[in-house]
Amino acid sequence: MYSQKVMDHFLHPRNVGQVEHANGVGEVGNPTCGDIMHIEIEVKNEIIQDIRFRTFGCAAAIATSSMVTEMVKGKTLEEAEKITNRTVAEALDGLPPVKMHCSNLAADALHAAIRSYHEGLKDSSEQ
Ligand code: FES
């Protein structure tokens, strides 16, 4: 039911853990199943230097989280903002239709982390 890429990222997830000098954090829950994804990024000069995740969820949620970190590491924020649940699922050679909602976690958590980075910049410039 899962592609080889999904199984590979599920069994050997990349970039698990926390970023020591994170300046953006995103966390989203999936209301359908209650699973949670937490993502941390370190941005320098508009580039995502480091990204790590912790996901409490199903195989598809873990695989999409892992894939999204690989897709955006070293990329600009602008490029990362273009990532959608569909592009993540495509990079994994597809997800079973009943599992497509799981890929929302990865894209949403990434976008939440980018938002939190921008909000942090706003806060520090207001001081
Ligand atoms: Fe919860 Fe997949 S079943 S994210």
Side-chain angles (χ1 to χ4, degrees):
M1 143 175 180
Y2 287 123
S3 72
Q4 275 187 351
K5 273 197 192 166
V6 172
M7 287 311 293
D8 179 36
H9 278 265
F10 169 55
L11 295 172
H12 312 284
R14 312 341 182 227
N15 304 309
V16 175
Q18 291 172 276
V19 174
E20 198 180 343
H21 301 293
N23 49 10
V25 178
E27 187 169 295
V28 293
N30 188 327
T32 317
C33 60
D35 292 344
I36 292 173
M37 179 185 177
H38 179 93
I39 202 162
E40 297 182 5
I41 54 175
E42 181 183 356
V43 181
K44 256 190 229 151
N45 302 324
E46 295 295 295
I47 291 177
I48 298 179
Q49 306 281 349
D50 202 1
I51 176 165
R52 291 187 180 270
F53 79 92
R54 280 173 295 161
T55 291
F56 308 94
C58 69
I62 290 167
T64 50
S65 307
S66 169
M67 178 51 93
V68 90
T69 63
E70 287 221 309
M71 287 170 83
V72 302
K73 199 167 181 176
K75 297 275 168 43
T76 64
L77 291 176
E78 204 185 326
E79 287 168 311
E81 274 162 356
K82 288 187 192 136
I83 301 262
T84 64
N85 60 343
R86 192 157 291 280
T87 51
V88 178
E90 277 167 13
L92 286 166
D93 293 337
L95 281 172
V98 296
K99 286 282 164 188
M100 273 309 286
H101 76 273
C102 310
S103 60
N104 286 338
L105 278 188
D108 288 354
L110 170 68
H111 296 151
I114 294 173
R115 254 195 323 274
S116 122
Y117 166 74
H118 285 307
E119 279 162 12
L121 285 186
K122 228 191 301 159
D123 288 349
S124 52
S125 65
E126 279 166 5
Q127 283 161 13

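Just so it is clear, the structure is predicted and the values come from calculations on it, not from any experiment.
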- [ ] Please name the pair of heavy atoms, one in Thr55 and one in Ala61, separated by the smallest distance, quoted to 0.1 Å.
- [x] CG2-CB, 3.9 Å
TODO: Measure the CG-CE distance between Leu95 and Met1 for me, rounded to the nearest 0.5 Å.
DONE: 9.0 Å
Task: For Ala80 against Leu110, the heavy-atom pair lying closest together - done: O-CD2, 3.6 Å
- [ ] Identify whether Phe56 and Phe10 are in the same connected component of the hydrophobic contact network (ILVMFWY, side-chain heavy atoms under 4.5 Å).
- [x] no
Open item on the list: Testing the 3.5 Å rule here: is there a donor-acceptor pair between the side chains of Asn85 and Asn104?
Closed with: yes
Open item on the list: Please report the interatomic distance CG(Leu77) to OH(Tyr117), rounded to the nearest 0.5 Å.
Closed with: 6.0 Å
Open item on the list: Please find the pair of heavy atoms, one from Thr64 and one from Ser103, that lie closest to each other, and give the distance.
Closed with: CG2-CB, 3.7 Å
Open item on the list: Measuring only between side-chain heavy atoms, which start at C-beta, is Asp35 closer than 4.5 Å to Cys58?
Closed with: yes
Open item on the list: For residues 8-17, which residue pairs pass the side-chain hydrogen bond (donor to acceptor under 3.5 Å, both in side chains) check, not counting sequence neighbours?
Closed with: Asp8-Arg14, His9-Ser66, Asn15-Thr69, Asn15-Lys73
Task: Nearest heavy atoms of Ser116 and Gly24, plus distance in Å - done: OG-CA, 3.3 Å
- [ ] Would you sort out whether Asn23 and His21 count as a side-chain contact (heavy atoms from CB on, under 4.5 Å), showing the intermediate values?
- [x] CA-CA 6 Å; Asn23 49 10; His21 301 293; over 6 Å; no
TODO: Check step by step if side-chain contact (heavy atoms from CB on, under 4.5 Å) holds for Ile114 and Ile41.
DONE: CA-CA 8 Å; Ile114 294 173; Ile41 54 175; 4.2 Å; yes
Open item on the list: Do Val19 and Ile47 land in one hydrophobic cluster if side-chain heavy atoms of ILVMFWY residues count as linked below 4.5 Å?
Closed with: no
Open item on the list: Show, in sequence, the C-alpha distance, side-chain angles and deciding distance for His101 and Asn30, and conclude whether the side-chain contact (heavy atoms from CB on, under 4.5 Å) test is met.
Closed with: CA-CA 8 Å; His101 76 273; Asn30 188 327; 3.0 Å; yes
Task: Atom pair CD (Glu42) and CD (Glu20), whose distance is rounded to the nearest 0.5 Å - done: 8.5 Å
Task: Reported CD-to-CD distance for the pair Glu79 and Glu81, which is rounded to 0.5 angstrom - done: 10.5 Å
Open item on the list: Quick one, Val16 and Phe53 - any side-chain contact, counting heavy atoms below 4.5 Å?
Closed with: yes
Task: Hydrophobic cluster identity match, Tyr2 and Ile62, side-chain contacts under 4.5 Å - done: yes
Open item on the list: Please report the interatomic distance CZ(Arg52) to CD(Gln18), rounded to the nearest 0.5 Å.
Closed with: 10.0 Å
Task: Where Ala113 and Ile39 come nearest, the two heavy atoms and their spacing - done: CB-CG2, 3.6 Å
Open item on the list: Under 4.5 Å between side-chain heavy atoms, counting indirect links through other Ile/Leu/Val/Met/Phe/Trp/Tyr residues: same cluster for Val72 and Val28 or not?
Closed with: yes
TODO: Enter the distance from Ile48:CD1 to Lys75:NZ here, rounded to the nearest 0.5 Å.
DONE: 9.5 Å
TODO: Indicate if Leu105 and Val25 have the same hydrophobic cluster label, given that clusters are the connected sets of ILVMFWY residues with side-chain heavy-atom separations under 4.5 angstrom.
DONE: no
Open item on the list: Looking at every non-hydrogen atom in both residues, tell me the closest pair between Ala91 and Met71 and how far apart they are.
Closed with: CB-SD, 3.9 Å
